Amino acid sequence: MIGRGLLGLALAAVLALPGPQAGAQEFPSRQITIVVGLAPGGITDVTSRIYAEALSKVTGQRVIVENRQGAGGAVGAAAVQNAAPDGYTVLVFSGSQHVAVPAMSATAPYEPIKGFAPITLLFDLTTLVAVPANLPAKNLAELWELGKKKPGGLSFGSPGVGTPSHMLAVRLGRATNTPVQMVHYRGGGPMMADLITGRVDWALASYTVSKGHFMEKKLRALAIDADQRWDGMPDVATLTELGLGKEKVARWFAIAAPAGTPPAIVKKLNEDFIKASKDLALIKRLTDNGTPIHTSSPSEMAKLLSEENDRTKELVQALDLKQK
């Protein structure tokens, strides 16, 4: 028979054991690292740093952004997939590019769906169908007509294989029966320089990067890839208005943790990122940058990611874009 003293010690020991929610209740208790798989200075990097600042206020912990660029975001994605599933290392990524890289490469070092625990969407990227100011096309219909007449078709400036711009241009070309010659660059900077000078006929340019060129009349916007018209360019019609809404790719950016992260910690991260998205300074900076805030539940994000993955795989197979 156990004496009262021993019984009391045993009971105290049991009560001292961490319960199933203890980790979540204490989370976060140290620095959180947001991994960006692209170079510093781009829209993903800049916006992630704005979110990191707001998230730090919410959690009371230091939040840093770490750039692990390479292979179209694959290096960063692999690093997070293989990180400890404790919520302290997370990945920010473009929905379409995240699934396009492994869809096109047999040796991609990460699994876009099974390798991650979705947390929330973060923001959308406002993108414009842009042409050099001296190109004769004044609207999309004239652009497609020009492409059908030009030997070899229109040259399209892509910031890289598998990027959202690349995939959307392919879809638009197919939908309109317009030949498109892909000219792939290592990033948006070199592509934008050639677009302005007319070395390529058209491109999909983010509002953030290109707004100054439109104001200076170096570029002309023919359409906008957004859910509704943009306040900064209210006269530019959306792709949906022009009958091309079904061709849109995932222009949303999201955050995910490694697969196996406890659901309670995923829930806490979701709540904290959504609280951060309501920071007034963050709202103004993202809105001014043409990156409207777009949050979600983990399940909503998982559904969108799965749908984009299926669509991208079908497109890669149809166009034989798979790389050995």
Side-chain angles (χ1 to χ4, degrees), residues 28 32-38 40-61 63-65 73 80 87 90-99 116-128 163-165 168 188 204-211 224-234 236 238-240 245 248-257 266-305 307-308:
I32 295 174
T33 298
I34 298 175
V35 174
V36 173
L38 301 170
I43 190 63
T44 311
D45 175 72
V46 170
T47 309
S48 295
R49 292 179 188 279
I50 295 172
Y51 259 104
E53 185 178 330
L55 185 67
S56 182
K57 295 178 188 176
V58 170
T59 63
Q61 299 294 333
V63 182
I64 67 167
V65 171
V80 174
V90 293
L91 176 72
V92 171
F93 60 86
S94 151
S96 58
Q97 188 164 357
H98 182 70
V99 298
F116 298 89
I119 296 171
T120 179
L121 304 182
L122 293 179
F123 63 94
D124 292 331
L125 184 64
T126 302
T127 307
L128 299 150
T163 58
S165 295
L168 179 55
L204 288 149
S206 70
Y207 177 82
T208 311
V209 173
S210 60
K211 58 184 176 181
I224 186 168
D225 179 14
D227 292 331
Q228 57 189 12
R229 292 200 181 196
W230 183 246
D231 290 342
M233 306 181 86
V236 180
T238 68
L239 288 177
T240 301
K248 290 160 62 67
V249 302
R251 282 284 174 183
W252 47 262
F253 286 68
I255 192 152
V266 169
K267 182 174 182 292
K268 184 67 165 57
L269 281 167
N270 174 271
E271 293 170 350
D272 287 348
F273 269 101
I274 290 177
K275 285 179 184 176
S277 74
K278 297 176 182 177
D279 181 272
L280 295 180
L282 179 146
I283 292 170
K284 184 179 188 310
R285 292 170 74 182
L286 263 67
T287 301
D288 290 348
N289 278 347
T291 50
I293 295 164
H294 183 186
T295 58
S296 70
S297 68
S299 60
E300 289 169 338
M301 176 186 157
K303 182 174 183 292
L304 287 174
L305 188 59
E307 291 172 348
E308 188 65 18

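What you are looking at is a predicted structure, and each value in this text was computed from that prediction instead of being measured. Excluded from the calculations below are hydrogen atoms, water molecules and symmetry mates; all remaining heavy atoms, backbone and side chain alike, are included.
Rounding to the nearest 0.5 Å gives a distance of 11.0 Å between CD1 of I224 and OG1 of T240. We find the CZ-CD1 distance between F123 and I255 to be 10.0 Å, quoted to the nearest 0.5 Å. The structure places CD1 of I293 at 9.5 Å from CG of L122, a figure rounded to the nearest 0.5 Å. Taking OG1 of T291 as the start and CD1 of I43 as the end, the distance is 5.0 Å to the nearest 0.5 Å. The structure places OG1 of T126 at 11.0 Å from CE of M233, a figure rounded to the nearest 0.5 Å. Rounding to the nearest 0.5 Å places CG of N289 at 9.5 Å from NZ of K284.
Summarising the geometry of V80 relative to V90, their closest heavy-atom pair is CG2-O, 3.8 Å, with the distance given to 0.1 Å. Closest heavy-atom contact between V92 and S48: CG1-OG, 3.5 Å. The minimum heavy-atom distance linking S94 with P164 is given by the pair OG-CG, 3.3 Å. Among all heavy-atom pairs drawn from M301 and A256, the shortest one is CE-CB, 4.1 Å. Considering all non-hydrogen atoms of both residues, A54 and L282 come closest at CB-CD1, 3.7 Å. S206 and L125 make their closest contact through CB-CD1, 3.9 Å (heavy atoms, listed as atom of the first residue, atom of the second, distance).
Counting only N and O atoms by type, the side chains of R251 and S96 include no donor and acceptor under 3.5 Å apart.
Ion pairing between a basic and an acidic side chain is recognised when a charged N comes within 4.0 Å of a carboxylate O; K303 and E307 show such pairing. A salt bridge between K267 and E271 is present, with a side-chain N of the basic residue lying under 4.0 Å from a carboxylate O of the acidic one. Ion pairing between a basic and an acidic side chain is recognised when a charged N comes within 4.0 Å of a carboxylate O; E308 and K248 show no such pairing.
Considering only heavy atoms from C-beta on, S56 stays 4.5 Å or farther from I32 through its side chain. Counting only heavy atoms from C-beta outward, the side chains of P28 and K268 approach each other to under 4.5 Å. A 4.5 Å side-chain heavy-atom check between L91 and H98 finds at least one atom pair inside the cut-off. Looking at Y51 and L286, their side chains come closer than 4.5 Å, going by heavy atoms from C-beta outward. Taking the side chain as every heavy atom from C-beta outward, T44 and F253 approach each other to under 4.5 Å.
With N270 contributing its side chain and I119 its backbone, the two residues share a donor-acceptor pair below 3.5 Å.
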### Task
Evaluate side-chain contact (heavy atoms from CB on, under 4.5 Å) for L168 paired with L239, printing each intermediate quantity in order.
CA-CA 11 Å; L168 179 55; L239 288 177; 4.2 Å; yes
### Task
Start with the C-alpha gap between F93 and V35, add the side-chain angles, then the distance that decides, and say whether side-chain contact (heavy atoms from CB on, under 4.5 Å) holds.
CA-CA 9 Å; F93 60 86; V35 174; over 6 Å; no
### Task
Assess whether side-chain contact (heavy atoms from CB on, under 4.5 Å) is satisfied between D225 and L128, documenting all intermediate values.
CA-CA 6 Å; D225 179 14; L128 299 150; over 6 Å; no
#### Entry: CA sep, side-chain torsions, deciding dist, call: L121, L304, side-chain contact (heavy atoms from CB on, under 4.5 Å)
CA-CA 10 Å; L121 304 182; L304 287 174; 3.7 Å; yes
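E300 is linked by a salt bridge (charged side-chain N to carboxylate O under 4.0 Å, His left out) to nothing, counting only residues two or more places apart in sequence or in another chain.
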